[in-house]
Structure formats: structure tokens, C-alpha cells
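Being a predicted model, the structure only gives us computed values, none of them experimental.
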Amino acid sequence: FKLVTFSRVTEKKGIGTAADIVMDLNKKYGREVYTLDIYGPIDEGEDEKWFTELSKRFTSSINYKGNASFDKSVQILSGYFALLFPTKYFTEGIPGTIIDSYAAGVPVISTRWKSFDDVVADGITGLGYEFNNNTELKYLLNFLVCNPSIIISLKVNCIKRAEDFLPENAIKALCLNI
């Protein structure tokens, strides 16, 4: 199952956690049950240093794909089983990557940050787990190895939810709240 992260590549986005869990599960099963592709810019300095050290531990199932052009995001994401969003920013806001993922028909597996319920409908457009609970993320991914139909059933809902974020629909929602 192909997983993806699509954000700035920093420790606070939970990318190291995602990579470690994917490698642990693959080791547990003795085969590659998950792959993880990492997309996004890496800032020079501490983030670059952190990611260089992290990537030394990567197995062949973890790949850094570089920074994707914004106009290719939906096309790129459409080839994935799920988007991982293990952010460690509790006040994350509304991430554009999740909207792109919905437009691609790709459900989200995410930590429940402060605005999670504003963006992800748990069990409908994605699956959430307790904020900063890496054990729960690992359990969820392990569960999905044997139950992939759960994610597959969410794909149509994602495309429907993406329509809410189209400019004309978002403007209507804003105007109704004024």
C-alpha cells in the first residue's frame, strides 16, 4: 500500500514518525506492506540536517521525492492509497495538502489536531488518531494491512468533500457566516 506525505519536510510534521512506523510494520510482516513517499521542500539549516540524519535509516520502502509543483499535486496524490498527516503542530489550521488529497480521491490518515474536525470527517474522508499518539498511528496502520477496504470505501467521499473547497462553494459558506 502506497502512503505519502505532502508537506514541508520538518520534524514537526511527523515525517520521521511516519517513516519509522512504516519501516517497523514492514519488518514485522517480513515484507513490504507499505511504502512511503515523502514530498516537500526541506529548509536549509536544522531541517536539512535533521532529514539527512533521518534518511540514513531509510529502507528501500521510504523515498524522498523532492518538492512537487503545486499544479501537479492532485495528479501525484491520485496514485496513493492514503495521505499520512502525522503533524505535531496542534494549531495546524486547514492544510491545503488535505484538500488536494480529497480532490485526488485519496483518504487521509491524520493526527487529531485542533482543527481536525473542520477538515477531516473521521470514518468518512479519513481516519484520525489521538494527537501525538504514535502507538495509535501504528495500530491503525497495522489494522489497515488486514482491512484495506476501509480506506478504499472512503475514496468517493473524498472527492465529494473536495467540492466543498472549490472557490465558488467556499465563498458561499463564508458569506452565509457573515
Side-chain angles (χ1 to χ4, degrees), residues 1-10 12-19 21-22 25-26 32-42 51 58 60-89 92-129 137-138 140-174:
F1 303 105
K2 293 174 61 174
L3 303 173
V4 63
T5 63
F6 210 85
S7 65
R8 285 180 299 116
V9 179
T10 69
K12 292 284 283 181
K13 288 291 189 174
I15 292 167
T17 299
I21 289 173
V22 165
L25 288 172
N26 288 344
E32 193 172 84
V33 293
Y34 285 113
T35 61
L36 175 64
D37 288 343
I38 301 165
Y39 285 89
I42 304 171
F51 191 70
F58 288 173
S60 62
S61 61
I62 312 292
N63 295 289
Y64 176 63
K65 299 288 195 166
N67 194 18
S69 174
F70 76 93
D71 60 339
K72 302 284 186 215
S73 59
V74 173
Q75 179 183 353
I76 291 168
L77 289 168
S78 67
Y80 288 92
F81 177 68
L83 172 82
L84 289 184
F85 196 74
T87 187
K88 295 179 182 184
Y89 290 105
E92 184 73 51
I94 298 178
T97 189
I98 292 177
I99 297 167
D100 290 345
S101 187
Y102 290 164
V106 176
V108 178
I109 298 170
S110 175
T111 185
R112 289 187 190 99
W113 80 97
K114 184 178 180 180
S115 300
F116 173 86
D117 292 322
D118 295 333
V119 184
V120 181
D122 204 1
I124 298 170
T125 60
L127 300 171
Y129 61 93
L137 172 58
K138 187 173 184 177
L140 183 56
L141 288 175
N142 186 54
F143 177 77
L144 291 171
V145 169
C146 299
N147 300 282
S149 62
I150 291 171
I151 290 291
I152 295 164
S153 71
L154 305 179
K155 289 184 173 286
V156 170
N157 299 331
C158 292
I159 293 169
K160 289 178 186 173
R161 178 70 169 128
E163 292 174 6
D164 294 341
F165 295 100
L166 291 172
E168 59 273 16
N169 295 332
I171 295 293
K172 284 180 202 172
L174 288 172

Would you sort out whether I21 and L36 count as a side chain to side chain contact (heavy atoms under 4.5 Å, CB included), showing the intermediate values? CA-CA 10 Å; I21 289 173; L36 175 64; over 6 Å; no
Residues forming a side-chain contact (heavy atoms from CB on, under 4.5 Å) with S73, sequence neighbours excluded: F6, D100
So CG of L25 and CG of L141: to nearest 0.5 Å the spacing works out to 6.0 Å
Checking S101 side chain against V106 main chain: does a donor-acceptor pair fall under 3.5 Å? yes
Got a second to check how far T97's OG1 is from R8's CZ, nearest 0.5 Å? 12.0 Å
Tell me if a side-chain donor or acceptor on S110 pairs with a main-chain N or O of F85 at a distance below 3.5 Å. yes
Between S115 and G93, the two heavy atoms sitting closest are CB-O, 3.5 Å
For residues K114 and Y89, determine if any side-chain heavy atom of one lies less than 4.5 Å from a side-chain heavy atom of the other. no
With sequence neighbours left out, the residues meeting ring-ring contact (aromatic ring centres under 6.0 Å, His included) with F81 are F1
Mind checking what makes side chain to side chain donor-acceptor pair (under 3.5 Å) contact with T87, not counting sequence neighbours? E92
Are the side chain of N67 and the backbone of G40 linked by a donor-acceptor contact shorter than 3.5 Å? no
The single option from L154, V120, L83 passing side-chain contact (heavy atoms from CB on, under 4.5 Å) against P107: L154
Locate the shortest heavy-atom distance separating E32 from S61; write the atom from each residue and the value. OE2-CB, 3.2 Å
Kindly state each residue pair satisfying side-chain hydrogen bond (donor to acceptor under 3.5 Å, both in side chains) with at least one member in residues 141-152, sequence neighbours excluded. K28-N142, Y29-N142
Nearest non-hydrogen partners of P86 and I15, listed with the distance: CG-N, 4.5 Å
Drop me the distance from T35's OG1 to L3's CG, to the nearest 0.5 angstrom. 6.5 Å
Spacing of L84 atom CG and T111 atom OG1 [to the nearest 0.5 Å]: 11.5 Å
Go through it in stages, so that I can follow the logic: the residues are V4 and I76, the test is side chain to side chain contact (heavy atoms under 4.5 Å, CB included), and I'd like the CA-CA distance, side-chain angles, deciding distance and then a yes or no. CA-CA 10 Å; V4 63; I76 291 168; 5.7 Å; no
About how many Å separate CD1 of I159 and OG1 of T125, when rounded to the nearest 0.5 Å? 12.0 Å
With sequence neighbours left out, write down each residue that passes ring-ring contact (aromatic ring centres under 6.0 Å, His included) with F51, or none if nothing qualifies. F58, Y64
Side chain proximity check, L127 to F143, heavy atoms < 4.5 angstrom: no
Which pairs, with at least one residue in residues 148-162 and sequence neighbours excluded, count as a salt bridge (charged side-chain N to carboxylate O under 4.0 Å, His left out)? R161-D164
About how many Å separate CH2 of W113 and CD1 of I94, when rounded to the nearest 0.5 Å? 8.5 Å
